[in-house]
Amino acid sequence: MKVNILHSWELSYTRAADLQRELALRIIRENHVDRHSLRHVAGTDVSYSRATNRCYCGVSVLSYPDLNVVLEETAVVEATFPYIPGLLSFREIPGLIDVFEALRITPDLIIVDGQGLAHPRRLGLACHLGLILDIPTIGCAKSRLIGEHEMPAATKGAQSDLLDKGEKVGVVLRSRTGVSPVYVSIGHRIDLTTAAELVLNCCPKYRLPETTRAAHRLVYSLMREHEQQ
DNA sequence: GCGACAG
DNA sequence: ATCTTGTCGC
């Protein structure tokens, strides 16, 4: 599919942070997802090899609402940008761009493994990727980057607000009864209520969305065969 | 200065 | 994320 690169990926911390504040102004917080015409939901993930300094990137496209894998694509690139909290997208997106350029389907929605709006400058990985692909995205992270919240009830579906400086930037969602919650925030072209609802619909059995689980299996097995471990 | 800190 | 086996609990 077509990808708008938007900018360079070799930046200093200050330049990258400035760029994030600038790009954040372009994020569309209104819902553009029609849950009734939703057919293809994608999940992305990246695995790293400490030994070879390589990134294994992948996307799994699943049918919705039955959640079966219909198409997958991968890419292997050298890691250039280091992991810096708040700048994750500069580390992971270059490889993901390769993946989406090779993908023969344009997903209706992407659930990203990381934060969206729940970011210090309101441009987490999900927002950044959504802008570049111009596709609705949701950030679904396994742990917190910023914000305060109470713990939601232990029952699946329970949620509590994630607040940062008084702004509601996401929800802490119990995607499965009795396990630690996930952090959901909007990426691009969707609203928080719809985002939480769709993430829940993608978690019929486990804590993480089936999209994320499929993408994780994809890149992890790819790394294993490439590294011969 | 100190602690926090997606993957 | 990765380094790594078994083990506690529903």
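So that the names make sense, note that chain A is the first sequence line, chain B the second, and so on, each numbered from 1.
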If you check every side-chain atom of Arg91(A), which of dC3(C), dA6(B), dG7(B) has the closest atom? dG7(B)
Take the protein atom NZ of Lys205(A) and the nucleotide atom C1' of dC10(C), then report the distance between them rounded to whole Å. 13 Å
Reported CZ-to-CD distance for the pair Arg50(A) and Glu227(A), which is rounded to 0.5 angstrom: 12.0 Å
Lys/Arg N to Asp/Glu carboxylate O, Lys2(A) vs Asp134(A), below 4.0 Å: no
Over how many whole Å does the gap from Gln115(A) atom CD to dA4(B) atom P extend? 18 Å
Whole angstrom is fine here: how far is it from NZ in Lys165(A) over to P in dA4(B)? 19 Å
How many whole angstroms separate atom NE2 of His119(A) from atom P of dA6(B)? 11 Å
Have a look at Gly139(A) and say if it touches a base, only the backbone sugar-phosphate, or nothing, with a 4.0 Å heavy-atom cut-off. nothing
Backbone N/O of Arg217(A) and side chain of Ser221(A): donor-acceptor pair under 3.5 Å: yes
Between Arg39(A) and Asp108(A), is there a salt bridge with N-O shorter than 4.0 Å? no
Can you see if the side chain of Tyr48(A) gets near the phosphate of dG7(B) - specifically, an N or O under 4.0 Å from OP1 or OP2? no
Would you mind reading off the distance between Leu96(A) atom CG and dG7(B) atom C1', rounded to a whole angstrom? 11 Å
Under 4.0 Å from OP1 or OP2 of dA6(B): is there any side-chain N or O of Arg144(A) that close? no
With a 4.0 Å cut-off, would you call Arg122(A) and Glu167(A) a salt bridge? yes
Using only side-chain N and O atoms of Ser49(A), determine if any of them is under 4.0 Å from OP1 or OP2 of dA1(C). no
Write out all pairs satisfying ring-ring contact (aromatic ring centres under 6.0 Å, His included) with one or both partners inside residues 8-67 of chain A, taking only residues at least two apart or from two chains. His7(A)-Trp9(A), Trp9(A)-Phe90(A), Trp9(A)-His128(A), Tyr56(A)-His226(A)
Should Glu197(A) and Arg35(A) count as an ion pair when the cut-off is N to O under 4.0 Å? yes
Between CG of Leu163(A) and NE2 of His149(A), what distance do you get to the nearest 0.5 Å? 10.0 Å
Extract the stems that DNA chain C is part of, considering only consecutive pairing runs of at least three Watson-Crick or G-U wobble pairs, both distances under 3.5 Å. none
Where the side chain of Asp113(A) is defined as all heavy atoms beyond and including C-beta, which of dG7(B), dA6(B), dC3(C) is the nearest nucleotide? dG7(B)
What do you reckon, do Tyr183(A) and the base of dA6(B) stack, with centroid distance below 5.5 Å and planes below 30°? no
Value in whole Å for how far the C1' atom of dT2(C) lies from CD of Glu227(A): 11 Å
Describe the nucleic acid contact of Ile93(A) in one word from base, sugar-phosphate, nothing, applying a heavy-atom distance below 4.0 Å. nothing
Starting from C1' on dA1(C), measure out to NE2 on His216(A) and report it in whole angstrom. 9 Å
Is the phosphate of dA6(B) approached by Lys142(A) (side-chain N or O, under 4.0 Å from OP1 or OP2)? no
Within the structure, does a side-chain N or O atom of Ser89(A) lie under 4.0 Å from either OP1 or OP2 of dA6(B)? no
Here the distance between atom C1' of dG7(B) and atom CD of Glu92(A), to the nearest Å, is 5 Å
